[in-house]
Amino acid sequence: MHNMNKVQMLEFPQRGDERGHLVIVEGNKDIPFDIKRAFYIYGSDAEVVRGQHANRRSEFVLINVAGTSKVKVKDGEGNEAIYCLNRPHTGIYLPIMVWKDMYDFSSDSVLLVLASTHYDPEEYIRDYDKFVKEIQDEG
Ligand code: TYD
């Protein structure tokens with residue numbers, strides 16, 4: 001449960017006017033870390049499940065800047081929660097060492113991911129049983 005309660009929805013400031021919407025996302029301000037990396041996911045079918053990993057060092061914020069998707073978060077101790085990403089001015093904060101699945105992508109989904117680290121495949125845990133074991137060992 002210790003990492004699960006750090007998961008939270010974030011709401012970003014909007015400066016929309018008659019010209020359209022503008023949403024502001026600043027590192028260490030609207031996002032609880034220094035942003036080192038951004039990537040985005042689109043063109044995933046509704047049946048696709050992405051993610052399916054935990055990270056030893058990376059924190060993330062996920063924002064559906066267009067369309068919708070869902071994120072299921074597990075703490076490796078039997079707790080899980082599902083979040084709907086369906087508004088461009090909200091995101092979900094994911095701390096280190098939580099298991100995440102992204103799924104139910106709408107056909108127009110563009111999922112922006114902001115990360116606290118540069119990419120390092122070594123800090124990814126892609127085996128769920130291994131993740132549970134590391135959580136128990138932390139214990
Ligand atoms: P993957 O981690 O499987 O994506 P998801 O989290 O959506 O399931 O990454 C897909 C591919 O992209 C994989 O070959 C690793 C590569 N990749 C990078 O090179 N840098 C990155 O920052 C990310 C997130 C992925």
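When a ligand or atom number is given, it counts from 1 through the structure's own listing order. Just so it is clear, the values below take in all heavy atoms, side chains as well, and ignore hydrogens, waters and symmetry mates.
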Can you tell me how far the CE atom of M102 sits from the CG atom of N64, to the nearest 0.5 Å?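 Between atom CE of M102 and atom CG of N64 there are 10.0 Å.
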So, for V7 and P95, which heavy atoms are closest and what is the spacing to 0.1 Å?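 Nearest heavy atoms, V7 then P95: CG2-CD, 3.7 Å.
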Sub-4.0 Å protein heavy atom next to atom 12 (O) of ligand 1: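 When distances to the protein are checked, atom 12 (O) of ligand 1 has no heavy atom within 4.0 Å.
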Are E122 and R56 ion-paired here, with the side-chain N under 4.0 Å from a carboxylate O?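 No, no charged N to carboxylate O under 4.0 Å.
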Got a salt bridge between R57 and D120, using NZ or NE/NH1/NH2 to carboxylate O under 4.0 Å?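 Yes.
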Is there a heavy atom in H53 that sits closer than 4.0 Å to ligand 1?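 Distance cut 4.0 Å: H53 passes for ligand 1.
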Using non-hydrogen atoms of the residue, decide whether R126 is closer than 4.0 angstrom to ligand 1.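 The answer is yes, since R126 has a heavy atom less than 4.0 Å from ligand 1.
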Any N or O of M102 that comes nearer than 3.5 Å to an N or O of ligand 1?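 No, M102 has no N/O under 3.5 Å of an N/O on ligand 1.
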Would you say ligand 1 has an N or O under 3.5 Å from any N or O of R50?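 Yes.
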For ligand 1, which atoms have a heavy atom of Y124 less than 4.0 angstrom away?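 Matching atoms, with element in brackets: 24 (C).
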So if I count the atoms of ligand 1 from 1 in the order they appear, which ones are less than 4.0 Å from some heavy atom of I41?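 Answer for ligand 1: 7 (O).
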Using heavy atoms and a threshold below 4.0 Å, how should the contact between R37 and ligand 1 be classified: side chain, backbone, both, or neither?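 Side chain only.
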Do K74 and Y128 form a cation-pi contact, if we require the NZ or CZ to be under 6.0 Å from the six-membered ring centre and within 45 degrees of the ring's axis?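 Verdict for Y128: a cation-pi partner in K74.
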Of the listed options F60, Y119, Y40, closest to atom 25 (C) of ligand 1 (non-hydrogen atoms):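 Heavy atom nearest to atom 25 (C) of ligand 1 belongs to Y119.
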